[in-house]
Amino acid sequence: MTTTLITGANKGLGFETARRLIAAGHTVYVGARDAERGRRAADELGARFVQLDVTDDASVEAAAKTLDAAGGLDVLINNAGIETRTEDNSVPVAATVTADQMRTTFETNVFGVVRVLHAFLPLLQRSAAPVVVNVSSGLASLTHLSDPDHHAHFYPGIAYPTSKTAVNMLTVQFAKAFPAMRINSVEPGFTKTDLNGNTGTQTVAEGAEIIVRMAQVAPDGPTGGFFDAKGPLPW
């Protein structure tokens, strides 16, 4: 039985990914900051719940102890993420972004990934087929955002894409450091979720496709890569 932990899984892409992996036979832990929402989501899914706030060391360490005591971990999906938005659902641009906004975004999107990886790596190393999926974004691609002919070029925000580019670097470096693991970044696409004020053009079912696929990658599959549903993406 494959045991999978998904951070930020009480709604959106995390919830849909959990649903799909449970259907595929995984034992899924719904990681959520809010205990009430997390338990409700886990009950609805037929999953297990673990309280996990990726910005809090004690919470992450306690979650790792819970899974360790329950038997370990095979698949880690770093899904929890935020995008700073204003009251009118716009994003801070180069002229307005502040260091505090950058810090808040990085605390969840980057430091949260490192915090979770640090805590759960000992469990993953004991798995026969360990997998890590870092949920990134197409907006992380320096190639695409610097190409005036690519649709991502229009995006004016600073904090979110910068944080996801950092996540991609984490993927590369951790994959090199742990060659026995399959560690990849994925781009779900512009999915309708609370993160973007529900302005996305894809459903969560469409967005979860690549997350679910890479969560089930074989031991001889790719590692250290960046993928969307169509295949590899440029950094």
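Note: hydrogens, waters and symmetry copies are ignored here, and every other heavy atom, side chains too, is used.
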Between Asp34 and Asn10, is any pair of side-chain heavy atoms under 4.5 Å apart? no
Does Leu52 belong to the same Ile/Leu/Val/Met/Phe/Trp/Tyr cluster as Ile22, with side-chain heavy atoms less than 4.5 Å apart forming each link? no
Is there side-chain contact between Pro188 and Ile211, with heavy atoms separated by less than 4.5 Å? yes
Note, Thr165 side chain near Thr162 side chain (heavy atom, < 4.5 Å): no
Output, in order, the C-alpha distance, side-chain angles, deciding distance and verdict of side chain to side chain contact (heavy atoms under 4.5 Å, CB included) for Val133 and Leu76. CA-CA 6 Å; Val133 180; Leu76 170 63; over 6 Å; no
Output the distance between atom CZ (Arg40) and atom NZ (Lys11), rounded to the nearest 0.5 Å. 11.5 Å
Worked check of side chain to side chain donor-acceptor pair (under 3.5 Å) between Thr4 and His26: CA-CA 7 Å; Thr4 299; His26 289 220; 2.7 Å; yes
Sequence neighbours left out, what pairs pass ring-ring contact (aromatic ring centres under 6.0 Å, His included) with at least one residue falling in residues 111-147? His144-His150
Summary of side-chain hydrogen bond (donor to acceptor under 3.5 Å, both in side chains) pairs that have at least one residue in residues 207-226, sequence neighbours excluded: Arg20-Glu209
Donor-acceptor pairs under 3.5 Å, side chain of residues 59-73 to any protein atom, not counting sequence neighbours: which ones?
residue : atom : partner : partner atom : Å
Ser59   : OG   : Gln51   : OE1          : 2.9
Ser59   : OG   : Asp53   : N            : 2.7
Thr66   : OG1  : Ala62   : O            : 3.1
Asp68   : OD1  : Arg126  : NH2          : 2.5

Can you sort out the partners of Arg103 under side-chain hydrogen bond (donor to acceptor under 3.5 Å, both in side chains), two or more places apart, ordered by chain and number? Asp100
Considering only residues two or more places apart or on different chains, which pairs with a residue in residues 158-173 satisfy salt bridge (charged side-chain N to carboxylate O under 4.0 Å, His left out)? none
Kindly compute the distance separating CZ (Arg182) from CG (Leu124), expressed to the nearest 0.5 Å. 13.0 Å
Linking Ile, Leu, Val, Met, Phe, Trp and Tyr through side-chain heavy atoms less than 4.5 Å apart, which residues share a cluster with Phe226? Val172, Leu233, Trp235
Is there a path of hydrophobic side-chain contacts, each under 4.5 Å between heavy atoms of I/L/V/M/F/W/Y residues, joining Leu123 to Val30? no
I would like to know whether Thr27 and Thr2 meet side chain to side chain contact (heavy atoms under 4.5 Å, CB included); could you show each step before the answer? CA-CA 6 Å; Thr27 297; Thr2 299; over 6 Å; no
Which pairs, with at least one residue in residues 70-80 and sequence neighbours excluded, count as a side-chain hydrogen bond (donor to acceptor under 3.5 Å, both in side chains)? Asp74-Ser127, Asn78-Asn134
Using side-chain heavy atoms (C-beta onward) and a distance below 4.5 Å, is Glu44 in contact with Phe15? yes
Find out whether Tyr155 and Val91 are in side-chain contact, i.e. whether some heavy atom of one side chain is under 4.5 Å from a heavy atom of the other. yes
Would you check if Leu45 and Val28 make a side-chain contact, meaning some heavy-atom pair closer than 4.5 Å? no
For Val131 and Ala215, work out which heavy atoms get closest and say how close. CG1-O, 4.0 Å
Would you say the side chain of Val212 lies within less than 4.5 Å of the side chain of Leu21, judging by non-hydrogen atoms? yes
State yes or no: do Met102 and Leu170 share one hydrophobic cluster built from I, L, V, M, F, W and Y residues joined by side-chain heavy-atom distances below 4.5 Å, directly or via other members? yes
For residues 128-137, pull every pair meeting salt bridge (charged side-chain N to carboxylate O under 4.0 Å, His left out), keeping only residues two or more places apart or in separate chains. none
Looking only at heavy atoms, the pair that brings Pro148 and Ser146 closest together is CD-O, 3.4 Å
Can you sort out the partners of Asp57 under side-chain hydrogen bond (donor to acceptor under 3.5 Å, both in side chains), two or more places apart, ordered by chain and number? Arg115
Test side-chain hydrogen bond (donor to acceptor under 3.5 Å, both in side chains) applied to Thr84 - qualifying residues, sequence neighbours left out: Thr105
Under the side chain to side chain contact (heavy atoms under 4.5 Å, CB included) rule, what do Asn184 and Val132 come out as? Steps first, then yes or no, please. CA-CA 6 Å; Asn184 293 289; Val132 176; over 6 Å; no
Sub-3.5 Å donor-acceptor pair from the side chain of Glu187 to the main-chain atoms of Ser137, do we have one? no
Identify, with sequence neighbours excluded, every residue that meets side-chain hydrogen bond (donor to acceptor under 3.5 Å, both in side chains) alongside Lys176. Gln173
Running the 4.5 Å side-chain criterion over Ile, Leu, Val, Met, Phe, Trp and Tyr, what cluster does Met169 land in, apart from itself? none
Could you state whether Tyr160 and Phe106 fall into the same hydrophobic cluster, counting links through intermediate Ile, Leu, Val, Met, Phe, Trp or Tyr residues with side-chain heavy atoms under 4.5 angstrom apart? no
Examine distances only and state if a side-chain atom of Ser163 and a backbone atom of Asn109 form a donor-acceptor pair shorter than 3.5 Å. no
Which heavy-atom pair separates Asn89 from Arg85 by the least distance, and what is that distance? O-NH1, 2.6 Å
Can you get from Val116 to Ile82 by hopping between Ile, Leu, Val, Met, Phe, Trp and Tyr side chains that sit under 4.5 Å apart? no
Just how far is it from atom NE2 of His153 to atom OG1 of Thr143, taken to the nearest 0.5 Å? 13.5 Å
Output for pair (Leu13 CG, Glu206 CD), nearest 0.5 Å, gives 11.0 Å
Shortest non-hydrogen contact between Val204 and Gly12, atoms and distance: CG1-C, 3.9 Å
Derivation and outcome, side chain to side chain donor-acceptor pair (under 3.5 Å), residues Ser136 and Ser185: CA-CA 6 Å; Ser136 182; Ser185 284; 4.8 Å; no
Can you list the steps and then say if Leu5 with Val75 is a side chain to side chain contact (heavy atoms under 4.5 Å, CB included)? CA-CA 6 Å; Leu5 168 65; Val75 179; over 6 Å; no
Would you mind reporting whether Thr55 and Glu107 have side-chain heavy atoms less than 4.5 Å apart? yes
